[in-house]
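What follows is one structure encoded as structure tokens, with my remarks underneath.
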Protein chains: 2
Amino acid sequence: MAGPHTLAETERQVNQKLVHKNINFEAMAVTSNLFRAANAVRNHLERTVLAKNDLSWTAFVVLWVTWIWEPIETRQIAEEGGFSKATLTGVLSTLEKRGLLVRKKSKEDGRLVIVELTSKGRKLMDSLFPAFNKQETAVANVVASSKQAQLAEQLRAITKFAESRD
Amino acid sequence: MAGPHTLAETERQVNQKLVHKNINFEAMAVTSNLFRAANAVRNHLERTVLAKNDLSWTAFVVLWVTWIWEPIETRQIAEEGGFSKATLTGVLSTLEKRGLLVRKKSKEDGRLVIVELTSKGRKLMDSLFPAFNKQETAVANVVASSKQAQLAEQLRAITKFAESRD
DNA sequence: CTCCGATTGTTTGGATACAAATCATTTTCA
DNA sequence: TGAAAATGATTTGTATCCAAACAATCGGAG
């Protein structure tokens with residue numbers, strides 16, 4: 001949200017708009033930088049790693065979650081990945097059509113659908129994830145190595161708080 | 001990306017998949033928590049503040065940027081807000097139809113479109129932004145007050161890095 | 001002056017995402 | 001047991017977003 005203008009410039013402008021109220025600029029900086037960072041990193045990873053494999057962000061997350069936990073129920077994929085079941089259905093169909101994973105009906109519960117990678121899907125992830133993680137490392141190394149765990153924990157705490165307000 | 005499973009559980013699973021490679025789990029934690037936090041906070045703000053005013057996230061950002069910097073050229077709105085010109089065109093039309101802002105052609109350069117809030121739009125933002133900032137404050141206060149500036153700065157640096165890799 | 005390339009906003013076409021409705025299956029409990 | 005409630009995935013309809021093509025305008029080289 002804070003783009004080409006610096007935070008200080010934006011602060012000055014906001015103060016002109018709201019002289020009488022007291023605005024928490026530090027909080028504003030936290031959230032606006034949070035959104036910009038997430039967007040920028042996602043775009044970066046899409047460009048550097050995912051685009052050449054013709055994978056959307058969500059498609060990659062589905063493959064990743066499945067790769068780690070297979071065999072896995074679709075509802076778990078949706079929960080781990082953080083998107084709706086409706087979204088997942090479409091992505092699964094696409095990935096199944098491309099031969100990267102398969103759907104199977106659960107034998108214990110006919111309502112459930114179980115997902116597994118194909119060997120083609122596994123081979124893809126074997127090469128894709130290290131490349132992905134390399135870029136993740138480059139991003140994380142922007143902050144001092146000694147501060148990365150703290151940063152991750154702060155973000156995790158923010159997530160927990162925001163999700164608890166459903 | 002790290003959902004119901006803890007990071008430790010995911011680590012163990014990933015190690016089983018990639019015993020021979022060395023994966024940077026700390027970096028993985030930073031990025032995955034970054035995405036989850038941004039999503040959770042955005043959803044939280046949409047629910048608590050924006051939904052009752054029937055505003056989408058992008059619509060709010062457009063109003064906010066315009067409110068702060070008006071009169072403003074559309075290309076600046078798109079840049080500050082971090083979305084494409086195509087997206088902006090649609091959102092501007094919606095907001096103009098709802099009487100919250102107006103488009104005017106620039107007199108100096110016929111290609112440019114200048115945007116200003118209407119008094120109705122200004123009145124909306126006068127009440128909306130304090131409520132929004134109150135929720136931002138609640139989110140930011142999840143981390144110690146003394147650490148908020150550092151967090152914002154780390155996120156800003158990450159943004160800068162990711163965007164520099166275009 | 002007059003092209004011609006650059007810039008800007010809009011339109012078009014397609015991808016993505018989700019809520020609500022629907023269909024199939026399982027579980028509950030009277 | 002069996003009807004109703006609950007659960008899970010899919011379909012449907014709608015909103016959002018973007019890249020690429022397009023139209024309008026500007027500005028400079030010749």
Side-chain angles (χ1 to χ4, degrees), chain A residues 4 35 38-40 42-47 50-51 53-63 66 71-98 101-115 166, chain B residues 35-36 38-40 42-47 50-51 53-63 65-66 71-98 101-116 166:
Chain A
F35 299 127
N39 261 334
R42 175 174 163 157
N43 289 338
H44 173 62
L45 292 173
E46 283 179 340
R47 278 194 314 271
L50 270 37
N53 291 93
D54 199 29
L55 287 174
S56 71
W57 180 262
T58 306
F60 173 76
V61 173
V62 169
L63 287 176
T66 305
I72 183 175
E73 301 171 7
T74 55
R75 56 181 172 172
Q76 293 179 321
I77 301 177
E79 181 159 16
E80 292 266 350
F83 33 75
S84 71
K85 299 178 299 172
T87 298
L88 181 60
T89 295
V91 175
L92 280 180
S93 299
T94 301
L95 294 175
E96 193 168 25
K97 225 171 293 175
R98 288 173 58 180
L101 50 78
V102 288
R103 278 189 265 214
K104 297 188 301 186
K105 274 212 156 186
S106 167
K107 278 161 187 164
E108 295 82 29
D109 188 334
R111 295 168 299 185
L112 300 181
V113 171
I114 312 294
V115 180
D166 278 341
Chain B
F35 299 127
R36 293 194 75 81
N39 261 334
R42 176 174 162 156
N43 289 338
H44 173 62
L45 292 173
E46 283 178 339
R47 279 195 312 271
L50 270 37
N53 291 93
D54 198 29
L55 287 175
S56 71
W57 179 261
T58 305
F60 173 76
V61 173
V62 169
L63 286 175
V65 170
T66 305
I72 184 175
E73 301 171 5
T74 56
R75 56 179 172 174
Q76 293 178 320
I77 300 177
E79 181 158 17
E80 293 266 351
F83 33 74
S84 71
K85 301 178 299 170
T87 297
L88 182 59
T89 295
V91 175
L92 280 180
S93 299
T94 301
L95 293 175
E96 193 168 24
K97 225 171 292 174
R98 287 174 57 180
L101 50 77
V102 288
R103 278 190 265 215
K104 297 188 303 186
K105 275 214 154 184
S106 167
K107 278 161 187 164
E108 294 84 30
D109 187 334
R111 294 168 300 183
L112 300 182
V113 171
I114 311 294
V115 180
E116 277 184 26
D166 278 341

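Lettering follows sequence order; numbering is per chain, from 1.
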Comparing nearest nucleotides in DNA chain C, the 5'-proximal residue of the pair A:G82, A:E108 is A:G82
Please state whether the phosphate of C:dG9, meaning OP1 or OP2, lies under 4.0 angstrom from any side-chain nitrogen or oxygen of B:R103.
no
Here the distance between atom C1' of C:dC18 and atom CG of B:N39, to the nearest Å, is 13 Å
Tabulate protein N/O versus nucleotide N/O from nucleotides 2-6 of chain D, keeping only pairs under 3.5 Å, one per line.
none

Residues at least two apart in sequence or cross-chain that pass side chain to side chain contact (heavy atoms under 4.5 Å, CB included) with B:L92, listed by chain then number, are B:V62, B:T74, B:L88, B:L101, B:R103, B:V115
Sorted by chain and residue number, the side chain to side chain donor-acceptor pair (under 3.5 Å) partners of A:K85 (sequence neighbours excluded) come out as none
Whole-Å distance, B:I77 CD1 to C:dT10 P, equals 10 Å
Scanning both residues in full, the closest heavy-atom pair of B:L45 with A:F35 reads CD1-CZ, 4.1 Å
Correct closest heavy-atom pair for B:N53 and B:R98 would be O-NH2, 3.3 Å
A:E73 atom CD is separated from C:dT26 atom C1', nearest whole Å, by 14 Å
Closest non-hydrogen contact found for B:E73 with B:I114 is CG-CD1, 3.6 Å
I'd like a list of close polar pairs between nucleotides 11-17 of chain D and the protein, N/O only, cut-off under 3.5 Å.
{"unit_1": "D:dC17", "atom_1": "OP1", "unit_2": "B:T58", "atom_2": "OG1", "d": "2.0"}
{"unit_1": "D:dC17", "atom_1": "OP2", "unit_2": "B:T58", "atom_2": "OG1", "d": "3.2"}

By side chain to side chain contact (heavy atoms under 4.5 Å, CB included), A:S56 pairs with (sequence neighbours left out) A:T58, A:A59
Between CG of A:D109 and P of D:dT7 the distance, given in whole Å, is 12 Å
Sorted by chain and residue number, the side chain to side chain donor-acceptor pair (under 3.5 Å) partners of A:T94 (sequence neighbours excluded) come out as none
Here the distance between atom C1' of C:dG9 and atom CD of B:E79, to the nearest Å, is 15 Å
Whole-Å distance, A:L112 CG to C:dT25 P, equals 12 Å
Here the distance between atom C1' of C:dT11 and atom CG of B:L92, to the nearest Å, is 15 Å
In whole angstroms, the gap separating P of D:dC26 from NZ of B:K105 amounts to 8 Å
Sorted by chain and number, sequence neighbours left out, side chain to side chain contact (heavy atoms under 4.5 Å, CB included) with B:R111 holds for B:D109
The side chain to side chain donor-acceptor pair (under 3.5 Å) partners of B:T87 (sequence neighbours excluded) come to B:S84
